[in-house]
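Following: one structure in structure tokens, then a few remarks.
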Protein chains: 2
Amino acid sequence: MVVKRNTWQREAVREALGDTDGFVSAQGLHSALRDSGSPIGLATVYRALADLATEGDADSLQSLDGESLYRACTPGTHHHHLICRNCGLTVEISADPVETWARSVAADNGFTQAAHIVDVFGLCAECSRAAAQSGTAQADPR
Amino acid sequence: MVVKRNTWQREAVREALGDTDGFVSAQGLHSALRDSGSPIGLATVYRALADLATEGDADSLQSLDGESLYRACTPGTHHHHLICRNCGLTVEISADPVETWARSVAADNGFTQAAHIVDVFGLCAECSRAAAQSGTAQADPR
DNA sequence: CTGCTTTTGACAATCATTATCATTATGCGT
DNA sequence: ACGCATAATGATAATGATTGTCAAAAGCAG
Ligand SMILES: [Zn+2]
Ligand SMILES: [Zn+2]
Ligand SMILES: [Zn+2]
Ligand SMILES: [Zn+2]
């Protein structure tokens with residue numbers, strides 16, 4: 001790959017990702033694009049998302065059942081996410097205490113080239129309220 | 001599932017997991033068991049590992065390419081892991097600063113029932129040394 | 001416009017995990 | 001120790017997300 005070409009597909013994925021709140025799967029984004037009339041192919045969505053992620057224009061994480069989810073994020077800034085596991089609402093959070101902790105714990109154990117995965121899941125205020133009303137005895141929320 | 005029965009398969013998985021350093025995949029553990037003469041089935045290994053994880057006797061995480069990895073862990077204590085991405089060496093680490101941070105950041109945003117995923121990846125001391133020797137110009141280590 | 005190279009997309013191929021379901025083995029009451 | 005209800009096993013098929021293939025289409029420099 002010597003040069004990088006500009007295609008409407010790449011832009012379509014970038015836009016669709018920007019129009020989405022929270023994290024989406026490649027398949028989900030592909031469905032959304034198709035529903036809005038785009039004839040874009042599934043493999044292309046996968047490729048575009050992977051590119052966006054490596055270029056730093058999108059963040060990715062593994063959902064609890066192992067599928068990759070993507071989200072348009074403020075580029076260039078390292079940050080983490082607070083995600084509602086019910087409605088998908090996502091908040092970008094900076095985590096300076098965590099950054100320094102991660103660095104030091106790696107260094108203390110002789111590790112180099114340290115990276116980290118830090119995600120917080122929970123129920124957002126709204127979903128918490130809804131859950132409290134429907135049934136106070138909230139069973140295993142798997 | 002009303003009662004829980006005791007089978008040699010469950011014990012075999014528990015033992016094999018204990019004999020393994022770092023994280024293993026279900027498939028990997030199954031191979032190891034087979035190599036050591038056990039006729040245990042693959043589906044059983046998957047089921048046993050899932051059970052161990054829910055019972056708190058094993059920790060699990062998603063590897064970078066999405067497969068689930070398991071590890072025997074000191075039961076009952078909440079902790080996280082520092083993992084060498086080359087040799088798999090794993091260190092259990094307590095992360096009190098992160099625990100409090102996660103709680104407060106969730107609360108500050110109105111989230112309840114907060115859980116978190118925290119993992120640190122890097123190169124252990126030994127692998128760092130080896131990498132430095134083989135080639136100073138370490139290319140993209142994907 | 002032309003030619004070269006990247007990118008696309010329909011489809012097949014992978015590969016980890018899960019579902020089936022007939023068969024086996026466990027734990028309990030006798 | 002015996003037998004039974006039923007949970008557990010395992011060979012195999014099914015699933016489903018992701019990646020590979022490769023001919024056709026599109027971007028871009030000259
Ligand atoms: Zn919510
Ligand atoms: Zn960070
Ligand atoms: Zn190592
Ligand atoms: Zn923690």
Side-chain angles (χ1 to χ4, degrees), chain A residues 1-17 20 22-55 57-71 88 140 142, chain B residues 1-17 20 22-55 57-71 88 140 142:
Chain A
M1 186 187 295
V2 186
V3 293
K4 192 186 313 185
R5 292 181 180 174
N6 241 353
T7 67
W8 64 264
Q9 287 95 332
R10 292 275 220 277
E11 270 316 302
V13 170
R14 194 178 243 116
E15 270 193 43
L17 197 62
T20 310
F23 284 82
V24 246
S25 66
Q27 310 248 8
L29 200 65
H30 179 243
S31 303
L33 282 161
R34 280 297 178 86
D35 290 348
S36 66
S38 172
I40 192 171
L42 176 58
T44 305
V45 175
Y46 272 99
R47 286 186 284 242
L49 284 176
D51 286 358
L52 287 177
T54 50
E55 290 164 24
D57 291 335
D59 280 359
S60 69
L61 59 81
Q62 309 279 129
S63 84
L64 302 144
D65 56 324
E67 73 181 344
S68 292
L69 303 182
Y70 297 87
R71 179 171 193 269
D140 177 19
R142 173 156 319 211
Chain B
M1 185 186 294
V2 186
V3 293
K4 191 185 314 184
R5 292 181 182 175
N6 240 354
T7 65
W8 63 264
Q9 287 96 332
R10 290 277 219 278
E11 270 315 302
V13 170
R14 194 177 242 116
E15 271 194 41
L17 197 62
T20 309
F23 284 84
V24 246
S25 67
Q27 311 247 8
L29 200 65
H30 179 243
S31 304
L33 281 161
R34 280 297 179 86
D35 290 349
S36 65
S38 173
I40 193 172
L42 176 58
T44 305
V45 175
Y46 272 99
R47 286 186 283 241
L49 285 176
D51 286 357
L52 286 178
T54 48
E55 291 164 22
D57 290 337
D59 279 358
S60 68
L61 60 81
Q62 308 280 129
S63 85
L64 302 143
D65 55 323
E67 73 181 344
S68 291
L69 302 182
Y70 297 87
R71 179 170 193 270
D140 177 18
R142 173 158 323 206

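Hydrogens, waters and symmetry mates play no part in the numbers below; they use all other heavy atoms, side chains included. Not measured: the values here are computed from a predicted model. A note on names: the letters A, B, ... follow the listed sequences, proteins ahead of strands, and every chain is numbered from 1.
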How many whole angstroms separate atom [atom1] of [X] from atom [atom2] of [N]?
| X | N | atom1 | atom2 | answer |
| --- | --- | --- | --- | --- |
| B:Leu64 | D:dA17 | CG | C1' | 17 Å |
| A:Asp51 | C:dT7 | CG | P | 8 Å |
| B:Tyr46 | C:dA16 | OH | C1' | 5 Å |
| A:Glu11 | D:dG27 | CD | C1' | 14 Å |
| A:Leu69 | D:dA17 | CG | P | 12 Å |
| A:Gln62 | C:dA16 | CD | P | 15 Å |
| B:Glu67 | C:dT17 | CD | C1' | 11 Å |
| B:His30 | C:dT18 | NE2 | P | 15 Å |

*B:Leu49 versus B:Val24: any side-chain heavy-atom pair under 4.5 Å?*
no
*Please examine the side chains of B:Phe23 and B:Ser63, heavy atoms only from C-beta on, and report whether any two atoms are closer than 4.5 Å.*
no
*A:Ala26 or B:Ile40: which one's nearest nucleotide on DNA chain D is closer to the 5' end?*
B:Ile40
*Measure from the side chain of A:Thr7, starting at C-beta and using heavy atoms only, and say which of D:dG27, C:dG9, D:dT9 lies closest.*
D:dG27
*For the side chain of B:Val3, counting heavy atoms from C-beta on, which of D:dA7, D:dA8, C:dG9 is nearest?*
D:dA7
*Between the base of D:dG20 and the side chain of A:Arg47, is there a donor-acceptor distance below 3.5 Å?*
no
*For DNA chain C, whose closest nucleotide is more 5', that of A:Gln9 or that of B:Leu42?*
A:Gln9
*In terms of the nearest nucleotide of DNA chain C, which residue is placed more toward the 5' end: B:Arg5 or B:Gly66?*
B:Gly66
*Scan B:Ser68 against the nucleic acid and name what it touches under 4.0 Å (heavy atoms): base, sugar-phosphate only, or nothing.*
sugar-phosphate
*Measure from the side-chain N and O atoms of A:His30 to the backbone N and O of A:Thr44, and report whether any donor-acceptor pair falls under 3.5 Å.*
no
_Minimum heavy-atom separation for B:Asp57 and B:Arg14, please, with both atom names._
OD2-NH2, 2.8 Å
*Measuring from B:Leu29:CG to B:Arg34:CZ, what's the distance to the nearest 0.5 Å?*
12.5 Å
